[in-house]
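Read the structure below first, then the notes.
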Amino acid sequence: MSDVFSTRQWYTIPQAAAELGVSTGRVSTLIEDKQLLSFRIEREPRIPREFIKDGEPLVGLRGTLFLLADAGLSAHEQMVWLLSVDETLGVAPVDALVEGRKTQVRHAVQLLAI
C-alpha cells in the first residue's frame with residue numbers, strides 16, 4: 001500500500017455510518033453520489049477520516065470529485081491526488097478542503113486538466 005494511504009486514518013463503512021448517523025446503505029449511496037469516495041484496504045472499502053467532518057461529508061468534496069472525474073482521473077487516481085501533497089496548495093488537497101480552501105483546491109484541479 002502506498003505511503004499516501006498508510007499515513008491516513010480510515011473509517012470502515014460501518015464506522016463511517018456511525019459517524020454520519022446514517023445506515024451503511026446510506027453511506028453506499030453517498031459514495032455512489034460522489035459525496036464520499038472509498039478505497040479498498042485489505043479487500044474492505046474504507047473512507048479517509050478527513051472526508052467526514054462534524055458528522056457530514058466534507059464540504060467541497062463532492063464538487064471536487066466531479067471535477068477530478070471530468071479531468072479524466074479514475075477513482076483510485078482521485079484518492080491518490082486528494083491525499084498527496086500538491087505543490088500549488090502546499091498540503092494535500094483534502095487537508096486544504098478541511099481548512100476551507102475549496103476555491104484553491106478547485107483551481108489546482110483545473111491545472112491538472114491542462
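Source: prediction; values computed, not measured.
- Leu97 is not listed as a side-chain neighbour of Lys53, based on a closest heavy-atom distance of 4.5 Å or more.
- Here Arg62 contributes atom CZ and Leu67 contributes atom CG; the two are 12.0 Å apart, rounded to the nearest 0.5 Å.
- Nearest heavy-atom pair, Pro93 versus Ser84, reported as atom, atom and distance to 0.1 Å: CD-O, 3.0 Å.
- Hydrophobic clustering (ILVMFWY, side-chain heavy atoms < 4.5 Å, transitive): Leu61 and Val22 are in one cluster.
- Thr103 pairs by the side chain to side chain donor-acceptor pair (under 3.5 Å) definition with nothing, not counting sequence neighbours.
- Listed for the Glu19 side chain is no donor-acceptor partner under 3.5 Å among the backbone atoms of Gly55.
- The list of ring-ring contact (aromatic ring centres under 6.0 Å, His included) pairs with a residue in residues 50-74, not counting sequence neighbours, is empty.
- Looking only at side-chain heavy atoms (C-beta outward), Val94 and Val105 stay at 4.5 Å or farther from each other.
- The line from OG1 of Thr88 to CD of Gln110 is 11.0 Å long, rounded to the nearest 0.5 Å.
- Note that the CD atom of Gln35 and the CG atom of Leu20 stand 10.0 Å from one another [nearest 0.5 Å].
- Among residues two or more places apart in sequence or in another chain, the ring pair (Phe, Tyr, Trp, His ring centres under 6.0 Å) test is passed with His107 by none.
- Within the model, atoms CG of Leu36 and CD of Glu56 stand 10.0 Å from one another, a figure rounded to the nearest 0.5 Å.
- Scanning all heavy atoms of the two residues, the minimum distance from Glu50 to Leu58 falls at O-CD2, 3.5 Å.
- Note on Leu111: it does not cluster hydrophobically with Val85, by side-chain heavy-atom contacts below 4.5 Å among ILVMFWY residues.
- A salt bridge (charged side-chain N to carboxylate O under 4.0 Å, His left out) check over residues 77-88, counting only residues at least two apart or in different chains, returns nothing.
- Side-chain contact between Met79 and Pro48 is present, with at least one heavy-atom pair separated by less than 4.5 Å.
- Pro14 approaches Thr24 most closely through the heavy-atom pair CA-CG2, 3.8 Å.
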With side-chain contact (heavy atoms from CB on, under 4.5 Å) as the test, would you mind laying out the steps for Ile31 and Leu37 before giving the verdict?
-> CA-CA 5 Å; Ile31 293 168; Leu37 182 66; 5.8 Å; no

Intermediate values then yes/no, side-chain contact (heavy atoms from CB on, under 4.5 Å), Arg46 and Tyr11 | CA-CA 5 Å; Arg46 308 280 177 122; Tyr11 288 122; over 6 Å; no

Go through the steps to decide whether Ile47 and Ile13 satisfy the test side-chain contact (heavy atoms from CB on, under 4.5 Å), and finish with yes or no.
-> CA-CA 7 Å; Ile47 298 169; Ile13 298 298; 3.9 Å; yes

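- For residues 101-112, the set of pairs meeting the salt bridge (charged side-chain N to carboxylate O under 4.0 Å, His left out) definition, not counting sequence neighbours, comprises Glu99-Arg101.
- Heavy atoms only, all atoms of each residue included: Val27 and Ala16 are closest at CG2-C, 4.2 Å.
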After noting the C-alpha distance and the side-chain angles of Leu83 and Thr7, does the key distance pass the side-chain contact (heavy atoms from CB on, under 4.5 Å) rule?
-> CA-CA 9 Å; Leu83 301 179; Thr7 59; over 6 Å; no

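- No side-chain N or O of Thr29 forms a donor-acceptor pair with one of Glu32 less than 3.5 Å apart.
- Considering every non-hydrogen atom in both Leu65 and Lys34, the closest pair reads CD1-O, 3.3 Å.
- Listed by first then second residue, pairs satisfying ring-ring contact (aromatic ring centres under 6.0 Å, His included) with a partner in residues 71-100 read Phe5-His76, Phe39-His76, not counting sequence neighbours.
- Hydrophobic clustering (ILVMFWY, side-chain heavy atoms < 4.5 Å, transitive): Val59 and Leu89 are in distinct clusters.
- With values rounded to the nearest 0.5 angstrom, Leu30 atom CG is found 4.0 Å from Arg26 atom CZ.
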